[in-house]
Enquirer: 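Could you have a look at this structure, given as structure tokens, before my questions?
One-based numbering, in listed order, for ligands and for the atoms of each.
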Amino acid sequence: MGFRDNRDFIAALQHTGDAKVIKKEVDWDLEAGAITRRVCETGGPAPLFEKVRDYPPGYRIFGAPLASYRRLAVAMDLKPDSSVQAIQEEYERRIEHPVKPKVVKDGPCKENVVKGKDVDLLQFPVPMVHDGDGGRYIGTWHLTINKDPDSDWTNWGMYRLMVHNRNQMAGFFAPHQHQGLIYFRKYQPKNRPMPFAVAIGADPLSSLTAGTAFKKGENEADFAGALARQPIEVVKCETNDLLAPAYSEIVLEGEVIPGTNIPEGPFGEYPGYRFPERRSSPIFQVNAVTYRNDPIMTLSCVGFPVDDSHVSVSIGAAVAFKRSLKQRGVPVTQVNWPAEGVEHLMVVGIEKRDDATIDLIEQMVLGSRTPICVTAIVDADVDVFNLKEVLHAFLTKCHPLKGVRRHESFWTLSPYLSHEEWLNNKGGRLILDCTWPSSWKKETTIPPRASFADMYPQEIKDLVLKNWKEYGF
Ligand SMILES: Cc1cc2nc3c(=O)[nH]c(=O)nc-3n(C[C@H](O)[C@H](O)[C@H](O)COP(=O)(O)O)c2cc1C
Ligand SMILES: [Mn+2]
């Protein structure tokens, strides 16, 4: 079963050596961010900062909650050293069976209730995450809840939130994301405020599904339940009808106000850079805050790999794309969206190959709303999870002219774009065909790989393996 709250998850991570309590006082202003950043870059345990400057005892920050595959495996109740492939396969099996959330009357997130004028977002140890960020970010690992007014669709998404003042926030408001889709189509044109709830420090799998692309109309809560193999308990907000995970550490309730405009960003971003642009956002007006006693803020310090967003995408987005490929009849074996690839690289393994298969994968990549920049398609005998093998396939099987397909595309946070391309949301996508030409035959034209696995008869391999120690290795 999944963890009902983040506290049990943190305790489990401490047990496996994947979280560490930091007793020394740290500053919310850059120090907690810098430590969390270094944890991401060194693969260290997730820090739980127990004492934060300017804040009372008990007000804590938990950094890099899912910034490693080990922590993700623990969140899914798998062995911490599970392989990426094993985590992905289990994830794929579980999301086949969505589990609706359970509405409860009360929950720990209601232990404290603050409304109206008393709301002060900086009551919590909101970190200044990276130097040069546009402000203190309260939403870096959280989930934002919005409802489609015309259907039963309740969307959970993870879209960053910057504190503007005591009771207002700015969000990164991409129109193609579901929050943007609902707001720009259903609320803004009618000049209606859009209710929202933000849950900070919910159980890890609820946060994971919020940060993962599901389809328009699909309720992420049902998939969080599927992954946890138990319903997520949700409780009604104080000032609107939205339902938030009852075991969240902090819930912010409010409305997005149309016709308003405040600056948002810059922020260190998932491709591993801080881009200079300030964006604009409508005001996220906070009308109420509810929170647990001794609340734990969560902090994802997005940037140079590997961070929580890279790990989340490499499971959720990879499985989603693999499922779509299967539905369209592509003979896909595995899909890897390696965390090291900052969400820009996808490797697709296929069983058999003709040109139509490559064309179909190409079309599907171009039609997707993912930030993917490079797609490498490899034969089934290449392990997509082994980047050494992928690189070898690219460097030996991808024809520099015929195997490379380049396309104009939209929406990428890519540092190589010119200022003009950036403003006009123009980017590019590259498809690398790293498979043998379809006319080549295994028996004749395809050269065998000169490797231990492929170049020797079985009896020699068995002999060598059996005597390996005896040789003196
Ligand atoms: C740590 C983290 C931070 C993210 N920050 C943002 C963000 O600021 N804005 C955004 O549009 N997407 C962000 N994403 C990606 C979205 O959460 C993701 O695309 C998700 O699918 C959005 O939900 P939706 O598909 O329901 O729109 C982030 C993901 C993670 C894991
Ligand atoms: Mn969604």
Side-chain angles (χ1 to χ4, degrees), residues 33 36-37 40 46 62-68 71-72 75 95 98 129-130 133-134 137-148 151-162 169-185 196 198-202 204-224 264-272 274-275 277 279 281 284 298-303 305-321 337 339 342-343 368-372 411-413 425:
T36 305
R37 185 93 285 284
C40 291
F62 181 52
L66 283 193
S68 74
R71 298 205 268 284
L72 179 54
I95 61 167
V129 179
H130 321 82
D133 285 353
Y137 274 77
I138 191 164
T140 62
W141 182 257
H142 60 292
L143 58 97
T144 299
I145 305 164
N146 302 113
K147 195 175 171 315
D148 173 20
S151 73
D152 289 338
W153 178 29
T154 297
N155 190 64
W156 286 4
M158 192 178 288
Y159 323 98
R160 71 185 187 223
L161 288 162
M162 188 183 97
M169 307 181 290
F172 177 25
F173 225 97
H176 66 277
Q177 301 284 62
H178 289 161
Q179 172 179 251
L181 214 67
I182 295 175
Y183 176 72
F184 288 115
R185 292 197 188 160
F196 72 80
V198 172
I200 299 168
L205 298 176
S206 289
S207 302
L208 176 74
T209 54
T212 300
F214 289 92
K215 294 197 182 98
K216 196 174 131 184
E218 288 183 332
N219 294 342
E220 279 83 359
D222 302 356
F223 294 102
E264 190 277 333
F267 190 63
E269 314 255 17
Y270 66 81
R274 185 190 64 239
F275 299 111
E277 263 73 22
R279 298 163 200 272
S281 160
F284 283 66
T298 34
L299 160 63
S300 169
C301 187
V302 171
V306 171
D307 70 35
D308 314 82
S309 73
H310 306 138
V311 171
S312 306
V313 159
S314 80
I315 301 299
V319 167
F321 204 81
W337 210 300
V342 295
E343 307 183 27
S368 80
R369 67 179 174 110
T370 64
I372 208 78
W411 200 71
T412 45
L413 279 181
N425 212 357

Enquirer: Looking only at distances, please establish whether an N/O atom of ligand 1 is found under 3.5 Å from an N/O atom of Phe214.
Expert: no
Enquirer: So between Tyr159, Tyr137, Trp141, whose heavy atom ends up nearest atom 23 (O) of ligand 1?
Expert: Tyr159
Enquirer: Under a 4.5 Å cut-off applied to non-hydrogen side-chain atoms, are Ser206 and Leu143 in contact?
Expert: yes
Enquirer: Does the residue Trp156 have a heavy-atom contact with ligand 1, meaning some pair of atoms that are separated by less than 4.0 Å?
Expert: yes
Enquirer: Who's the nearest protein heavy-atom neighbour of atom 9 (N) of ligand 1, and how far?
Expert: Phe172 CD2, 3.1 Å
Enquirer: With a 4.0 Å cut-off on heavy atoms, is Gly171 in contact with ligand 1?
Expert: no
Enquirer: What atoms of ligand 1 come within less than 4.0 Å of a heavy atom belonging to Ala213?
Expert: 21 (O), 25 (O)
Enquirer: Looking at Ala210, which atoms of ligand 1 are within less than 4.0 Å of one of its heavy atoms?
Expert: 17 (O), 20 (C), 22 (C), 23 (O)
Enquirer: Using a 4.0 Å cut-off to any heavy atom of Ser309, which atoms of ligand 1 qualify?
Expert: 1 (C), 2 (C), 30 (C), 31 (C)
Enquirer: Among all the protein's non-hydrogen atoms, which is closest to atom 8 (O) of ligand 1, and how far away is it?
Expert: Arg160 N, 2.9 Å
Enquirer: If you measure from each heavy atom of Thr140 to ligand 1, is any distance below 4.0 Å?
Expert: yes
Enquirer: Within the 4.0 Å heavy-atom shell around Gly211, which atoms of ligand 1 are there?
Expert: 17 (O), 18 (C), 20 (C)
Enquirer: With side chains defined as the heavy atoms from C-beta onward, is the minimum distance between Leu413 and Pro371 less than 4.5 Å?
Expert: no
Enquirer: Give the residue and atom name of whichever protein heavy atom lies nearest to atom 10 (C) of ligand 1, and the separation in Å to one decimal.
Expert: Gln177 NE2, 3.5 Å
Enquirer: Side-chain contact, heavy-atom cut-off 4.5 Å: Asn219 with Trp153?
Expert: yes
Enquirer: Under 4.5 Å between any side-chain heavy atoms of Met162 and Arg279, yes or no?
Expert: no
Enquirer: Quick one: does Glu220 get an N or O within less than 3.5 Å of an N or O on ligand 1?
Expert: yes
Enquirer: Does ligand 1 have any atom sitting under 4.0 Å from a heavy atom of Arg369?
Expert: yes
Enquirer: With side chains defined as the heavy atoms from C-beta onward, is the minimum distance between Thr140 and Val302 less than 4.5 Å?
Expert: no
Enquirer: Can you name the atoms of ligand 1, numbered from 1 with element, that are less than 4.0 Å from a heavy atom of Ser300?
Expert: 1 (C)
Enquirer: Could you list the atoms of ligand 1 found under 4.0 angstrom from a heavy atom of Asn155?
Expert: 26 (O)
Enquirer: Quick one: the OD1 of Asn155, the Mn ion (ligand 2), OE2 of Glu220 angle, rounded to 10°, please.
Expert: 100°
Enquirer: Taking just the N, O or S atoms of His178, which one is nearest to the Mn ion (ligand 2)?
Expert: ND1
Enquirer: Give the residue, atom name and distance (to 0.1 Å) of the protein heavy atom nearest atom 14 (N) of ligand 1.
Expert: Met158 O, 3.2 Å
Enquirer: So, Phe267 versus Phe172, ring centres under 6.0 angstrom or not?
Expert: no
Enquirer: Is it the case that the side chain of Arg160 and the backbone of Gly265 share a donor-acceptor pair, with hydrogens and angles ignored and the cut-off at 3.5 Å?
Expert: no
Enquirer: With heavy atoms of Gly157 as the reference, note each atom of ligand 1 found under 4.0 Å away.
Expert: 23 (O)
Enquirer: I need the contact type for Thr212 against ligand 1. Using non-hydrogen atoms and a strict under-4.0 Å cut-off, is it side chain, backbone, both or neither?
Expert: backbone
Enquirer: Is the distance between the ring centroids of Phe284 and Phe173 under 6.0 Å?
Expert: yes
Enquirer: Would you say the side-chain atoms of Tyr137 and Glu264 include a donor-acceptor pair closer than 3.5 Å?
Expert: yes
